[in-house]
2 protein chains.
Amino acid sequence: MRKGDETRSRLLEVAEAAVLAKGFGGTSIDELIAETGITKSGFFYHFRDKNELAKALIQRYIENDNRIYDEIFGRARELMDDPLQSFMLGLKMLSELLSDLPNGHPGCLVAGFCYYERLFDREIQEINREAALTWRRRFRGMFEEIMVVYEPREPLDVDQLADMVSTVLEGGIVLSKALKEPNSLSDQILVFRSFIKLLFRPRFS
Amino acid sequence: MRKGDETRSRLLEVAEAAVLAKGFGGTSIDELIAETGITKSGFFYHFRDKNELAKALIQRYIENDNRIYDEIFGRARELMDDPLQSFMLGLKMLSELLSDLPNGHPGCLVAGFCYYERLFDREIQEINREAALTWRRRFRGMFEEIMVVYEPREPLDVDQLADMVSTVLEGGIVLSKALKEPNSLSDQILVFRSFIKLLFRPRFS
DNA sequence: TCCCCTCCTGTACCAGCGGTACAGTATTGT
DNA sequence: ACAATACTGTACCGCTGGTACAGGAGGGGA
């Protein structure tokens with residue numbers, strides 16, 4: 001059971017890099033098996049078809065993505081008692097982590113896949129939707145904690161505010177890719193951070 | 001000369017819809033010629049290869065995109081003397097225009113193309129970059145006008161603030177596609193609008 | 001009227017792609 | 001030792017992007 005999993009995860013690693021660079025449609029199975037050193041039959045032993053590869057890819061990506069957010073905002077929560085200060089620190093840490101990536105963010109598979117709806121089946125679209133909803137729940141939790149202590153200076157829907165974090169991340173990735181300026185993404189996160197600072201600034205200070 | 005242009009633009013129309021729904025790689029030439037009622041040779045008479053179709057598509061998309069922004073923010077500028085009020089109205093009009101689309105935003109070709117860098121040649125990447133820079137220039141102009149009259153309550157880089165408009169638009173499109181909630185995009189624009197309101201709120205009021 | 005240019009059609013062909021089918025085999029855990 | 005696991009090898013299919021090239025309909029200018 002172990003050797004099969006090893007080959008499978010090597011396939012997924014190679015596939016993720018290729019898909020992020022060239023898109024799912026632009027990535028051929030022949031190319032993946034050449035780099036992995038496996039035969040075509042071997043590939044189809046692990047994945048029934050290309051769609052199942054897509055499913056495994058996106059699931060793997062989302063798990064990893066969630067782990068990173070858990071770590072960052074978990075650490076920030078440990079370091080700061082105040083929920084707002086903790087969130088602000090988390091954004092800072094996130095922006096620093098992203099600006100340390102030498103070639104910029106490699107791209108978000110969720111974004112890549114949702115832009116090609118009709119290429120994938122409903123199951124993958126549902127996985128994608130669930131991922132976006134998980135982001136929403138995560139950040140809504142943080143904003144709800146903040147709002148126990150701080151009153152927002154503009155009346156905003158908590159879900160929409162939570163979605164804004166994902167929006168800035170996804171939009172920042174697109175913009176930094178289009179502009180070929182890897183730092184744009186972390187800059188945009190810091191601009192968003194300033195907005196949050198303004199939103200929860202105490203009324204008399 | 002006229003009949004050729006007509007066929008060409010019909011091809012582009014059909015292609016744009018297909019590419020936005022299925023991605024560039026997922027759109028076949030056979031499919032395009034079937035819907036346009038042309039032969040394969042006819043297609044290659046108009047476009048040397050698929051890459052030239054991509055170039056024509058993105059150029060057409062960007063022209064159209066710029067025209068829409070010109071109209072919206074131009075009208076807003078006519079209706080309001082104050083640059084901040086005019087920008088706020090523009091955002092409101094944009095969000096209303098987007099929420100009126102029954103199936104949500106069809107997707108941004110700039111985002112779609114920049115996510116697949118290696119599928120296209122440098123020329124297309126340069127066109128994409130120029131489009132993002134044009135957005136930056138457009139919105140930076142507006143913020144510079146605003147800052148003549150209003151002092152921002154947080155020190156922000158004008159380019160980064162201008163990029164935030166594009167970020168929110170691109171991120172909002174991704175999020176509303178992933179969530180399958182067409183209204184998310186216009187909601188996110190209104191959240192951003194609230195941030196701008198906070199940023200330029202007079203200090204004593 | 002003739003010719004040429006634009007705008008195609010038709011036919012034939014190619015390699016690469018995703019995918020299927022299936023027989024055989026080396027390695028591994030029990 | 002046995003069977004399940006994890007593949008390899010070979011042959012094949014239809015579709016895709018792309019090439020090549022011959023030919024023709026239709027209109028505009030000489």
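Note on naming: letters A, B, ... go to the chains in the order of the sequence lines (proteins, then strands), and numbering restarts at 1 for each one.
- For R122(A), there are no side chain to side chain donor-acceptor pair (under 3.5 Å) partners at least two apart in sequence or on another chain.
- Rounded to an integer number of Å, the gap from NE2 of H46(A) to P of dG19(C) is 17 Å.
- In this view, F47(B) and F43(B) satisfy the ring pair (Phe, Tyr, Trp, His ring centres under 6.0 Å) rule, not counting sequence neighbours.
- The ring pair (Phe, Tyr, Trp, His ring centres under 6.0 Å) search around F143(B) returns F87(B), not counting sequence neighbours.
- Here R138(B) pairs with N66(B), Y69(B), D70(B), M142(B) under the side chain to side chain contact (heavy atoms under 4.5 Å, CB included) rule; sequence neighbours left out.
- Looking at residues two or more places apart in sequence or on another chain, you find a side chain to side chain contact (heavy atoms under 4.5 Å, CB included) between L97(B) and I72(B).
- The existence of a salt bridge linking R67(B) and E71(B) is confirmed by a sub-4.0 Å separation between a basic side-chain nitrogen and an acidic carboxylate oxygen.
- Going from atom CD of E6(A) over to atom P of dT5(D) covers 18 Å, rounded to whole Å.
- Residues satisfying the side chain to side chain donor-acceptor pair (under 3.5 Å) test with N183(B), not counting sequence neighbours, are none.
- In this structure, CZ of F47(A) is placed 14 Å from P of dG18(C), rounded to the nearest angstrom.
- Every ring pair (Phe, Tyr, Trp, His ring centres under 6.0 Å) that F195(A) has, sequence neighbours left out, goes to F195(B).
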Inset, instruction - Sugar-phosphate atoms are those with a prime plus P, OP1 and OP2; base atoms are the rest. Using that split, label each nucleotide of nucleotides 8-18 of chain D B, S or - for protein heavy atoms under 4.0 Å, 5' to 3'. - result: BBB-----SBB
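- Listed by chain and residue number, E52(B) satisfy the side chain to side chain contact (heavy atoms under 4.5 Å, CB included) test with R48(B) (two or more places apart in sequence, or in another chain).
- Taking the C1' atoms of five terminal pairs at each end of the helix from dT1(C)-dA30(D) to dT30(C)-dA1(D), the two resulting helix axes are inclined by 10°, rounded to 10°.
- Residues satisfying the side chain to side chain contact (heavy atoms under 4.5 Å, CB included) criterion with A54(A), sequence neighbours excluded, are F24(A), F113(A), F120(A), I124(A).
- Residues from residues 52-61 of chain B lying near DNA chain D, meaning a heavy-atom separation below 4.0 Å, are absent.
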